[in-house]
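Data first, discussion second: the structure below is written as structure tokens.
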Amino acid sequence: MAQEAPGAGGKRPLEGRGRSLRVLRALLGAAAGVPALALAAMVAVLLVEAMPAIRYNGLGLFTSGLWSIGSLYSQPVRTGGVLHLVGAHYGALWLIVGTVESSALALLIGFPVAYGAAVIIAERLPRPLAASLGLCLEVLAGIPSVVIGLWGVLVLGPFLAHDIYPELAKLPDVPVLDFFRGGVGSGEGLLTAGLVLALMIIPIIAATSRDLLRQVPRAPKEGAAALGMTRRETFKAVQSRWIRSGVAGAAVLGLGRALGETIAVALVSGSQIQNPSNIYDTMTTIAATVVQQLDSALTDPSHLAVRSLAEVALVLLLITLAVNSLARLLVRRSARDVALPVGAGL
Amino acid sequence: MVSTVIAEEQEVGGCRLLLDQIRPAIHAHLDDPVIETFGLTIGFGNEPVLSGVDLPVARHQITAIVGPSGSGKTTFLRSLNRMNDKLRGFRRSGRVELEGQDIYGAGVDPLVVRKRVGMVFQRPNPFPMSIRDNVLAGVKVHKMVPRAALADVAETRLAEVGLWPAVAGRLSDSPYRLSGGQQQLLCLARALAVAPDVLLLDEPTSSLDPVSTEAVEALLLRLAAKVSMVIVTHNLAQARRIADQVAFFCEGRLIEAGPTEAVFESPKRRETGKYLQGQFG
């Protein structure tokens with residue numbers, strides 16, 4: 001190509017690279033729209049799939065704990081226009097309760113451990129030790145949940161049922177501790193599920209909190225030291241507040257994982273659709289039920305079983321969205337008086 | 001011919017050449033200094049930063065530390081309330097006496113030293129809490145006043161730095177919404193709230209606009225009656241405007257110290273004169 005001489009202009013086209021910029025913008029816009037579209041599509045498909053179940057189950061889904069596919073030997077019959085097996089009844093109360101209880105337990109147990117670990121790693125330990133512990137966190141985060149679930153059911157559960165739960169069950173006779181008394185079972189149940197879930201969310205929360213702590217600027221920390229504050233007081237005044245909204249975001253991320261975790265819970269929960277009588281009792285969650293019931297649900301000639309599973313999946317999705325929105329609201333409120341980037345880490 | 005030129009250039013480029021024959025610094029003798037350093041020598045690892053600084057700090061006056069970049073001004077300032085202690089490779093010899101007591105002596109708690117010798121930094125560094133809580137942070141930690149009196153303390157301190165009218169209606173707001181100058185005043189209020197005897201200021205106006213700078217300078221002049229101050233500044237005009245005493249540092253040494261007027265008008269060392277005239281910096 002011949003080089004153009006400067007100043008040899010004359011009448012040359014003035015259009016720039018507008019077209020390629022427009023193409024790029026369109027591509028980026030499309031990419032940015034993918035998450036929103038995916039979410040909308042998922043809700044729409046679940047909604048359509050679940051519609052007959054929504055009509056058949058009504059509010060009973062939330063008020064009843066009985067989950068029964070009906071008699072597979074009967075001819076499907078029609079009620080209110082919905083085809084179903086005789087005796088089919090889908091009440092998801094205990095699935096929802098189990099999901100919320102196990103995830104809440106996981107957060108209750110996992111959050112303090114994770115936050116404490118992050119503080120110690122970021123603030124106290126010498127660099128090499130902090131780095132190797134950090135590596136452990138990352139490895140822990142990468143363990144497939146089926147491996148953790150297997151370990152939970154083969155190793156952790158029996159150990160807890162033998163050595164730990166019997167001690168816990170001897171807690172003093174105070175009404176608030178009622179939940180800890182009674183038979184301890186075989187180690188498959190609510191508390192074991194909560195502990196396994198805690199183990200799975202600790203790495204997420206700890207690694208995020210540690211990274212946030214490392215990003216706290218030096219200036220306000222020095223300001224605190226210059227006021228004669230101890231390290232602990234400095235941490236309370238500066239670091240803990242600086243990372244607060246990000247840590248809340250990490251906790252919600254962890255909670256989201258716990259709510260949706262499937263295979264590990266399916267392995268250690270005992271898989272009983274019931275309200276656990278105490279903290280050691282067997283139970284199940286929405287996600288675990290979907291995966292465990294799907295095979296038999298597919299044998300239902302009325303298809304209502306599969307549609308009911310879609311309906312509880314939709315409920316799970318809505319719970320997750322609600323938890324996320326609530327967390328964002330809280331984070332925004334707590335961030336208001338410090339005006340840090342809202343929802344950092346969410 | 002050629003060699004003369006090189007010598008001159010080196011001389012203009014800094015004070016290294018002139019320091020070849022080390023002469024004792026020109027001291028300011030003060031009768032009742034609030035802080036005084038004796039042979040203060042500081043290094044980080046193998047890097048010497050300050051050597052043999054003897055400097056008294058005048059009570060209830062403003063002492064400006066001036067000198068080119070890398071002359072050890074900030075290191076000197078931070079050594080007066082032990083802010084260097086935790087830095088990597090910190091080494092020190094010599095003494096720093098606060099009211100006659102060595103702050104590096106055995107059994108001295110650096111936190112107690114820092115409560116009495118406060119510090120304001122180059123950039124405003126408010127805490128991530130409300131404006132009110134920022135002012136009260138030190139007061140609360142040191143449990144200096146009963147709970148019921150906290151609101152009064154906040155108002156008094158904010159009024160003292162001239163910030164009260166601007167923030168009275170939004171004490172619960174984030175300090176990060178204030179302007180840079182207002183944030184720096186807030187940091188001053190926070191430092192003053194723990195009632196320090198001495199306030200160290202590390203280029204407190206270098207990140208501020210001229211109007212805010214003027215506000216801070218006026219405040220420092222007002223405060224001088226109550227608090228002794230040491231200010232590091234690159235702004236010679238500022239040193240001249242507000243300082244009672246000036247100390248000129250170069251290459252980690254104190255070259256000359258004395259009353260501002262004397263040092264600016266008739267410096268006793270050639271390096272001081274050259275620096276003050278802007279021949280190197």
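Worth knowing before you read on, the calculation uses all heavy atoms, side chains too, and leaves out hydrogens, waters and symmetry mates. Each chain gets a letter, A, B and so on, in the order the sequences are listed, and its residues count up from 1.
Residue B:P126 touches chain A through its backbone alone, counting heavy-atom pairs closer than 4.5 Å. Only the side chain of B:R78 comes within less than 4.5 Å of a heavy atom of chain A; its backbone N, CA, C and O stay farther away. Looking at B:V194, only its side chain comes within 4.5 Å of chain A, counting heavy atoms on both sides.
Remark: the B:R91 side chain and the B:N46 side chain contain no N/O donor-acceptor pair separated by less than 3.5 Å. For the residue pair B:T205 / B:Q238, a side-chain donor-acceptor distance below 3.5 Å is found, with atom types taken as modelled. No side-chain N or O of B:S79 forms a donor-acceptor pair with one of B:N84 less than 3.5 Å apart. Side-chain contact of A:T208 with A:D211: a donor-acceptor pair under 3.5 Å is absent, judged by distance alone.
Using a 4.5 Å cut-off between non-hydrogen atoms, the part of residues 216-237 of chain A that approaches chain B consists of A:R218, A:A219, A:P220, A:E222, A:G223, A:A224, A:A225, A:A226, A:L227, A:G228, A:M229, A:T230, A:E233, A:A237.
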Verdict with reasoning, B:E203 to B:T233, per side chain to side chain donor-acceptor pair (under 3.5 Å): CA-CA 5 Å; B:E203 299 188 47; B:T233 180; over 6 Å; no
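Between B:E99 and B:R59 there is a salt bridge, since at least one side-chain N of the basic residue sits less than 4.0 Å from a carboxylate O of the acidic one.
Remark: of the listed residues B:L87, B:V53, B:T75, B:T75 is the sole one forming a side chain to side chain contact (heavy atoms under 4.5 Å, CB included) with B:I42.
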